[in-house]
Amino acid sequence: MTANKNSSGKYRRVDPDEYFNFEEQFREKNTAGSGGKGSAGKGRKTLQDLKRQQQVGSLKQRREELEDALLSVVDGFPEFDSDDKETQFLEEYVAWVAANLSQINPLDPSQVEITFSKSGGPGGQNVNKRETKVALRHKPTRLRVVNDQTRSQVDNRKLAEKQLQKQLENHLRDWKMYLGSGQQVNIWLIKELLKREI
């Protein structure tokens with residue numbers, strides 16, 4: 001009876017779905033069959049190199065996506081006629097982010113501007129003559145939501161508050177993922193984000 005031969009582990013199986021263009025990544029170019037490996041013709045030596053390169057690219061792409069998400073909020077900040085007013089606004093924003101970064105607090109009514117208007121469209125005179133449409137704006141972030149889904153102003157306000165709370169949670173989650181360990185939100189960081197837009 002023949003014993004099973006142990007595999008030497010010399011060859012590794014590669015899942016082609018895991019590594020795109022596997023042959024292209026590892027093919028040595030411009031060697032002209034001489035076996036020589038000039039600096040321009042060196043291919044990648046290990047699977048770990050390729051995996052590391054893909055991870056770096058993925059992290060870079062994720063960071064850019066987070067910057068875009070943060071900019072969608074920060075870019076909506078008002079333009080001020082003086083540096084003092086801008087600094088004051090940014091200080092309030094930074095203070096709000098810092099206070100809510102570990103755990104978001106419920107909406108503070110003093111930080112929310114509420115406006116009501118007529119909804120229009122189908123729904124009868126209740127929406128056409130009464131101000132059932134609700135718009136909320138969060139003062140520290142300038143995030144704004146509008147809701148006119150129901151014929152009731154009270155219900156629309158509750159729905160709008162839930163929508164705003166969700167947007168604020170998403171914004172804080174983006175900051176958490178964007179910041180490195182030990183890094184905090186500050187005015188300089190926000191100004192650097194705004195420079196990226198230019």
Side-chain angles (χ1 to χ4, degrees), residues 58-59 61-198:
S58 176
L59 288 172
Q61 181 183 357
R62 179 63 183 143
R63 187 164 181 85
E64 288 174 359
E65 289 171 357
L66 286 169
E67 285 180 355
D68 289 341
L70 292 171
L71 266 171
S72 69
V73 175
V74 174
D75 200 36
F77 289 170
E79 293 185 15
F80 298 95
D81 53 5
S82 72
D83 290 339
D84 290 341
K85 289 181 180 178
E86 180 184 26
T87 301
Q88 182 183 354
F89 175 82
L90 291 177
E91 283 174 350
E92 290 173 6
Y93 171 75
V94 166
W96 179 84
V97 172
N100 290 277
L101 205 52
S102 59
Q103 181 179 359
I104 187 167
N105 298 314
L107 278 177
D108 181 355
S110 67
Q111 293 182 334
V112 179
E113 291 178 359
I114 306 172
T115 54
F116 303 103
S117 60
K118 295 175 185 174
S119 291
Q125 291 185 4
N126 194 54
V127 297
N128 293 322
K129 291 191 174 182
R130 295 186 182 177
E131 295 183 335
T132 57
K133 187 177 192 177
V134 179
L136 302 180
R137 188 177 73 160
H138 188 242
K139 294 177 190 176
T141 61
R142 288 301 198 263
L143 284 171
R144 184 174 184 269
V145 296
V146 178
N147 194 291
D148 61 350
Q149 292 180 7
T150 72
R151 297 173 59 187
S152 165
Q153 185 187 86
V154 174
D155 292 343
N156 286 338
R157 181 173 177 173
K158 287 178 182 175
L159 290 169
E161 286 173 352
K162 285 182 182 176
Q163 288 174 320
L164 183 57
Q165 184 80 10
K166 186 67 177 172
Q167 282 192 20
L168 294 173
E169 288 172 5
N170 290 340
H171 183 57
L172 289 167
R173 185 201 66 222
D174 291 338
W175 268 121
K176 281 182 191 177
M177 295 175 72
Y178 182 75
L179 296 171
S181 60
Q183 193 177 8
Q184 295 180 346
V185 181
N186 55 47
I187 294 175
W188 177 85
L189 191 59
I190 294 165
K191 288 185 175 179
E192 286 297 307
L193 276 173
L194 288 169
K195 282 181 188 174
R196 178 183 176 272
E197 184 71 3
I198 301 169

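All values below come from the heavy atoms of this structure, side chains included, with hydrogens, waters and symmetry mates left out.
The CD atom of Gln153 sits 8.0 Å away from atom CG of Asn156, with the distance rounded to the nearest 0.5 Å. Taking CG of Leu90 as the start and NZ of Lys191 as the end, the distance is 6.5 Å to the nearest 0.5 Å. In this structure, OG in Ser72 is found 7.5 Å from CG in Asp174, a value given to the nearest 0.5 Å. Atoms NE2 and CD, from His138 and Gln165 in turn, are 8.5 Å apart once rounded to the nearest 0.5 Å. In this structure, the separation between NZ on Lys166 and CG on Leu143 is 14.0 Å, given to the nearest 0.5 Å. Here Met177 contributes atom CE and Arg62 contributes atom CZ; the two are 4.0 Å apart, rounded to the nearest 0.5 Å.
In terms of heavy-atom proximity, Val97 sits nearest to Val185 at CG1-CG2, 3.5 Å. Of all heavy-atom pairs spanning Val145 and Ala160, the tightest one is CG2-O, 3.4 Å. The two residues Gln163 and Asn147 have their closest heavy-atom pair at OE1-ND2, 3.4 Å.
For the side chain to side chain donor-acceptor pair (under 3.5 Å) test, no residue two or more places apart in sequence or in another chain qualifies with Asp155. For Glu67, the side chain to side chain donor-acceptor pair (under 3.5 Å) test picks out Tyr178, Arg196, with sequence neighbours left out. In terms of the side chain to side chain donor-acceptor pair (under 3.5 Å) criterion, Arg142 has no residue partners (sequence neighbours excluded). For Glu169, there are no salt bridge (Lys or Arg N to Asp or Glu O under 4.0 Å) partners at least two apart in sequence or on another chain. With sequence neighbours excluded, no residue satisfies salt bridge (Lys or Arg N to Asp or Glu O under 4.0 Å) with Arg144. In this view, Lys162 satisfies the side chain to side chain contact (heavy atoms under 4.5 Å, CB included) rule with no residue, not counting sequence neighbours. The ring-ring contact (aromatic ring centres under 6.0 Å, His included) check on Phe116 picks up nothing, with sequence neighbours excluded. Under the salt bridge (Lys or Arg N to Asp or Glu O under 4.0 Å) criterion, Glu79 pairs with no residue, sequence neighbours left out. Take Asp81 and apply the salt bridge (Lys or Arg N to Asp or Glu O under 4.0 Å) test, not counting sequence neighbours, and it matches Lys85.
Side-chain contact between Ser117 and Lys133 is present, with heavy atoms from C-beta onward closer than 4.5 Å.
Only one option out of Val73, Leu70, Leu66 pairs with Trp175 in a side chain to side chain contact (heavy atoms under 4.5 Å, CB included); it is Leu70.
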Evaluation steps, side-chain contact (heavy atoms from CB on, under 4.5 Å), between Gln167 and Thr141: CA-CA 10 Å; Gln167 282 192 20; Thr141 61; over 6 Å; no
Residue pair Val134, Ile114: steps toward the side-chain contact (heavy atoms from CB on, under 4.5 Å) verdict: CA-CA 7 Å; Val134 179; Ile114 306 172; 4.3 Å; yes
Between side-chain atoms of residues 103-111 and protein atoms elsewhere (two or more places apart, or another chain), which donor-acceptor pairs fall under 3.5 Å?
residue : atom : partner : partner atom : Å
Asn105  : ND2  : Asn100  : OD1          : 3.1
Asp108  : OD1  : Ser110  : N            : 3.1
Asp108  : OD1  : Ser110  : OG           : 2.9
Asp108  : OD2  : Ser110  : OG           : 3.0

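Residue pairs meeting the salt bridge (charged side-chain N to carboxylate O under 4.0 Å, His left out) criterion with at least one partner in residues 177-186, sequence neighbours excluded, are absent. Note on residues 64-83: pairs passing ring-ring contact (aromatic ring centres under 6.0 Å, His included), not counting sequence neighbours, are Phe77-Phe89, Phe77-Tyr93, Phe80-Phe89.
Between Lys158 and Glu161 there is no salt bridge, since no side-chain N of the basic residue sits under 4.0 Å from a carboxylate O of the acidic one.
Other residues, nucleotides and ligands contribute more than 12 heavy atoms inside 6.0 Å of the CD atom of Glu65.
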